[in-house]
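What follows is a set of notes on a single structure, which appears directly below.
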Protein chains: 2
Amino acid sequence: MTTQTATIKQRAKKSPPPKPYHHGDLHQEILCAACELIEENNIASLSLREIAKKVGVSHTAPYRHFKDKESLLAGIAGVGFKELAKQLADAVELHHDNPAAQLQEAAHGYVQRAMTSPHCTQLMFSGILPCDDTYPELVASGDAAFDGLKMIIEEGQAKGVFKEGDIEILALATWSGIHGLALILIGGNLPEILSISVDIRQLTNAVTTTMLEGLKAS
Amino acid sequence: MTTQTATIKQRAKKSPPPKPYHHGDLHQEILCAACELIEENNIASLSLREIAKKVGVSHTAPYRHFKDKESLLAGIAGVGFKELAKQLADAVELHHDNPAAQLQEAAHGYVQRAMTSPHCTQLMFSGILPCDDTYPELVASGDAAFDGLKMIIEEGQAKGVFKEGDIEILALATWSGIHGLALILIGGNLPEILSISVDIRQLTNAVTTTMLEGLKAS
DNA sequence: ACCTGAACACCGTTCAAGT
DNA sequence: ACCTGAACACCGTTCAAGT
């Protein structure tokens with residue numbers, strides 16, 4: 001209470017009347033709360049009312065900031081896609097001039113991120129959200145991430161370490177392998193024998209090794 | 001109405017009083033209706049009440065046959081896993097003594113089935129259903145399908161056309177590629193350029209070719 | 001045995017009303 | 001501008017009651 005009063009006084013002194021009246025940035029707070037709740041439970045049981053309660057506003061307040069539940073979900077997925085793009089950029093940066101190492105690193109980051117935010121990852125790729133131009137920034141983020149992958153492939157071809165061929169298709173084949181492993185892991189579909197005896201890094205390496213063998217220039 | 005009366009008369013003549021009193025096999029009818037509805041709309045919006053209405057019973061009748069909504073979903077997924085196992089068996093049968101062709105055929109069947117029943121496929125792998133021993137027959141069907149894949153790899157190794165290595169891990173790497181492509185397709189995540197210019201068969205071949213290159217004995 | 005209808009606690013969404 | 005509370009049509013689930 002005291003803190004709040006202080007903040008208000010400070011505002012009155014310093015700046016012209018600020019926009020929000022209860023919260024600093026309800027939009028962002030809702031998004032954060034939703035990200036947390038979706039990982040604590042799962043996509044299906046995430047409710048707008050629960051999010052509102054967690055943030056401390058009425059259950060209709062989110063409608064000021066999101067058209068409906070779906071566009072809130074799109075917001076969450078958007079955060080995920082940006083994380084993905086960043087991870088990829090980091091992998092490229094880290095292993096300069098070594099496409100194979102970049103791919104390995106990117107794959108590991110992809111799987112790692114999926115395991116840290118499994119339900120967000122599910123949301124991003126499950127087809128719950130429409131993939132037409134309802135959420136153009138979502139498609140854009142996805143395409144940006146894919147572009148990163150294509151650039152790795154392209155550089156590998158230029159260096160003569162990856163085989164020639166349609167970049168789109170080679171990139172898709174590579175992504176498929178990594179994506180498949182990630183979704184198998186977070187879906188809990190890993191065959192039992194593997195889940196008890198092998199660690200994630202080993203599995204990721206196995207998949208990327210197979211992909212890299214398939215990509216190798218002959 | 002007339003038809004119903006006729007059926008009842010027929011029963012009275014032909015057979016000892018049959019068990020059900022409104023429906024021949026409500027369990028099966030519910031499962032079928034659910035499979036249809038899940039593909040017409042999507043997982044999230046599938047409701048028990050809608051299924052009951054479609055079948056023509058009260059909204060509480062399904063509880064005689066399924067403990068709750070989740071176990072009904074598990075039933076749907078179970079059907080999907082059996083379809084998958086059959087598709088794999090067919091692929092093996094069709095290309096006797098040719099592991100590479102078996103793999104190619106199995107991959108195509110996998111992707112094809114996913115595209116025919118996208119929402120069922122989503123349900124099977126999305127992690128909505130628990131993967132512990134809550135639904136043991138589900139895990140069993142999944143493992144059976146994976147065993148089929150392992151046998152193809154094993155035969156390839158025996159014939160000297162696939163490289164040596166842990167069968168579990170090689171099978172996982174192969175499955176990852178196919179699974180990833182299938183989920184990218186049904187999730188609507190295929191990059192735009194590919195979706196307008198390339199057909200499914202071509203994409204499947206590209207992925208399996210990469211996998212097979214990676215599997216090849218050196 | 002199998003099914004129904006009322007009841008309960010939850011949803012998402014809309015809208016008039018408050019500050 | 002931003003938030004609230006009542007209201008509506010939907011859920012899943014339970015349970016006493018009907019045939």
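To find a chain, count down the sequence lines: A is the first, B the second, and so on, and within it residues start at 1. Please read these numbers as outputs of a predicted model, since none were measured by experiment.
Near-neighbour residues of DNA chain D inside residues 122-136 of chain A, defined by a heavy atom below 4.0 Å, are absent.
Between the side chain of Asp68(B) and the main chain of Ser71(B), a donor-acceptor pair closer than 3.5 Å is present. Under a 3.5 Å cut-off, the side chain of Asp147(A) and the backbone N or O of Lys150(A) do not form any donor-acceptor pair. No donor-acceptor pair under 3.5 Å is formed between the side chain of Gln87(A) and the backbone N or O of Tyr110(A).
Contact check for Asn41(A) versus Ile38(A): no side-chain heavy atoms found under the 4.5 Å cut-off. Inter-residue side-chain proximity for Val92(A) and Glu155(A) is flagged as unmet; no heavy-atom pair is nearer than 4.5 Å. Residues His59(A) and Leu48(A) fail the side-chain proximity criterion, which asks for heavy atoms closer than 4.5 Å. Looking at His119(A) and Gln122(A), their side chains come closer than 4.5 Å, going by heavy atoms from C-beta outward. The shortest distance between side-chain heavy atoms of Leu215(B) and Leu170(B) falls below 4.5 Å. Under the 4.5 Å side-chain criterion, counting only non-hydrogen atoms from C-beta, Val111(B) is not in contact with Leu203(B). Side chains of Leu46(A) and Leu72(A) form no contact here, defined as non-hydrogen atoms less than 4.5 Å apart.
Atom-to-atom, NZ of Lys53(B) to C1' of dC11(D) comes out at 13 Å; the value is rounded to the nearest Å. Computed from coordinates, the Asp25(A) CG to dC2(D) P distance equals 11 Å when rounded to whole Å. Atom CD1 of Ile51(B) and atom C1' of dC3(C) are 17 Å apart (whole Å).
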Dump every N/O contact between nucleotides 12-15 of chain D and the protein below 3.5 Å, one line per pair.
| unit_1 | atom_1 | unit_2 | atom_2 | d |
| --- | --- | --- | --- | --- |
| dG12(D) | OP1 | Leu48(B) | N | 2.9 |
| dG12(D) | OP1 | Lys69(B) | NZ | 3.3 |
| dG12(D) | OP2 | Leu48(B) | N | 3.2 |
| dG12(D) | OP2 | Arg49(B) | N | 3.3 |
| dG12(D) | N7 | Arg49(B) | NH1 | 2.4 |
| dG12(D) | O6 | Arg49(B) | NH1 | 3.0 |
| dT13(D) | OP2 | Tyr63(B) | OH | 2.9 |
| dT13(D) | OP2 | Lys69(B) | N | 3.0 |
| dT13(D) | O5' | Tyr63(B) | OH | 3.2 |
| dT13(D) | O4 | Arg49(B) | NH1 | 3.4 |
| dT13(D) | O4 | His59(B) | NE2 | 3.2 |

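Contact annotation for His27(B): no contact, since no heavy-atom pair falls under 4.0 Å across all strands.
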Canonical and wobble pairing (Watson-Crick, G-U, under 3.5 Å) of DNA chain D, dot-bracket with |:
||.|||||...|||||.||

